[in-house]
Amino acid sequence: MFFLTILLTLLVASIPAIKAFGLTFFWGTTWDAAAEKFGALPFLLGTLITSFMAIFLCIPFSIAISIFLGEYFKEGAFPAFLRSSIEVLAGIPSVIYGLWGLFFLMPIVRTIEMQLGVTPHGVGILTSALILAIMIIPFSASIGREVVTLVPADLKEAAYSLGATRFEVIKNIIIPYARSGIIAGILLSLGRAIGETMAVTMLIGNSNFIPTSIFSPANTMASVIANEFAEATGITAASLIYVGLVLFLVTTLVNILGTYVIKKVALEASKEVT
Amino acid sequence: MNDHTTVRMIKDKAFRIIVILLACFSILPLLLILYFITRNGIAVINWEFLIQLPRPIGEAGGGIFNAIMGTGILIVLSSILSIPFGIATGIYLSEKTEGKIANIARLCVVVLQGTPSIVIGIVAYIWVVAPFRSFSALSEVSP
């Protein structure tokens, strides 16, 4: 029901923008409040690039943590420490990530940019993607750990009894078995990365143009709403709500898909045990 | 021990080391954030900072009492409003795993959990803030 209410509210409020721009909104490249011309392509691209970069950056780490906690070290002091650190990472408010990114990541990225000879903005797509990757590692890692521990012990033992090394068991038994669960975890963290607002708004650089490289400042769907909504009126507000509607639909789709896959994995695992 | 076995053992060891390294590397941001916050923040926190109001820009001193109060009021209000619904839904969903209403409720929980806070913000703005603003605009004309 909440879904329908939110959907209807956003839909009704964005009617002026939908009437004025329709589907051209999605490939319009100018966002100009003074000329009342609105196209959301820069923000769609910004969201797409930052969240997918973050996902690719986070995959090796989250899979490593899943295997570390789910297979190599299930008990002991250090794994317990790692697990609680990851829970703490998941609980840090995003504005703190943004602040830290501004004071710690931005100078590093700026140095890299100076080394490479591009304009040293410091803020931009790369910085946002890095902070997003750090923010979503806990989510994909905790889901990954759960599905890795769901792998039946008799399957693993059968492989060990054939003389497989631990690496071969992980590569041939655990990863294939847990694959859909790991993918679901990545999908859920993708949903989070797409919707992340505060940290990205602080680090993306707020430029309403199509990004030219991974170092250039940009804007994501969430950050443009956060930046402009408070002062927006009339058609500008309606266009921002239109962006919000798209954002809502995308994150909802990704989340429902991820939850569905996780449920299916858990169901299959419970069937195999009985 | 032939070569084939040795290669497999080496691969096994190498993979183990990579996993341990990557997993340990992931805690680094947490340690850095904690270090950053404590190093920059601990020095300014004292009793005055916590109970005073912010002073105008340029003036030294002042505190964050209003922000603390704001956060506190917000937490209390939102907890009062949300906890009954949350617990009721949780009990219902754990008692009733099948059925139409349970499935819809579960879907709602998933959707709400995944909805970006900025979208919720827009919805709340349309519902709550916008109507009040249109009323108060009249009174703002003659201040």
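Proteins come first, then strands; the chains are lettered A, B, ... in the order of their sequence lines, and each starts at number 1.
- Counting heavy-atom pairs closer than 4.5 Å to chain A, the top residue among B:Ile18, B:Ile120, B:Ile20 is B:Ile20.
- The two residues A:Met202 and A:Leu99 make their nearest non-hydrogen contact at CE-N, 3.6 Å.
- The environment of OH in A:Tyr160 is crowded: more than 12 heavy-atom neighbours from other residues, nucleotides or ligands sit within 6.0 Å.
- Neither the backbone nor the side chain of A:Ile194 comes within contact range of chain B, judged by heavy atoms closer than 4.5 Å.
- Minimum interatomic distance between B:Val110 and A:Asn255 (heavy atoms only, all atoms of both residues): CG1-O, 4.1 Å.
- Summarising the local packing, NZ of B:Lys11 is surrounded by 12 or fewer heavy atoms from other residues, nucleotides or ligands at distances under 6.0 Å.
- Annotation: residues 68-84 of chain A contacts chain B through A:Phe68, A:Tyr72, A:Phe73, A:Phe78, A:Phe81, A:Leu82 [non-hydrogen atoms, separation under 4.5 Å].
- In this structure, the portion of A:Ile134 lying under 4.5 Å from any heavy atom of chain B is its side chain and not its backbone.
- Minimum heavy-atom separation, A:Ala13 to B:Ile126: CB-CD1, 3.4 Å.
- Checked by atom type, the side-chain pair A:Glu196/A:Ser94 shows a donor-acceptor distance below 3.5 Å.
- Looking at A:Ser85, the atoms closer than 4.5 Å to chain B (heavy atoms on both sides) sit in the backbone and in the side chain alike.
- Residue B:Leu81 qualifies as enclosed at atom CG: its count of foreign heavy atoms under 6.0 Å is above 12.
- Counting non-hydrogen atoms of neighbouring residues, nucleotides and ligands closer than 6.0 angstrom, the CZ atom of A:Phe56 reaches no more than 12 such neighbours.
- Annotation: maximal heavy-atom pairing with chain B below 4.5 Å, among A:Glu168, A:Met198, A:Met221, A:Lys171, occurs at A:Glu168.
- Ring planes of B:Tyr125 and A:Phe229: perpendicular class, angle over 60° (limits at 30 and 60°).
- In this structure, the portion of B:Leu112 lying under 4.5 Å from any heavy atom of chain A is its side chain and not its backbone.
- In this structure, no portion of A:Arg192 lies under 4.5 Å from any heavy atom of chain B.
- Between chain B and the residues A:Ile241, A:Val254, A:Leu245, the largest count of heavy-atom pairs under 4.5 Å involves A:Ile241.
- Heavy atoms of A:Thr9 lying under 4.5 Å from chain B belong to its backbone as well as its side chain.
- Contacts of A:Thr252 with chain B are made by side-chain atoms alone, with heavy-atom separations under 4.5 Å and no backbone atom involved.
- When heavy atoms are compared at a cutoff of 4.5 Å, A:Ile63 does not approach chain B at all.
- Proximity to chain A among residues 27-40 of chain B is limited to B:Ile27, B:Pro29, B:Leu30, B:Leu32, B:Ile33, B:Phe36, B:Ile37, judged by heavy-atom separations below 4.5 angstrom.
- Residue A:Leu105 does not touch chain B at all, counting heavy-atom pairs closer than 4.5 Å.
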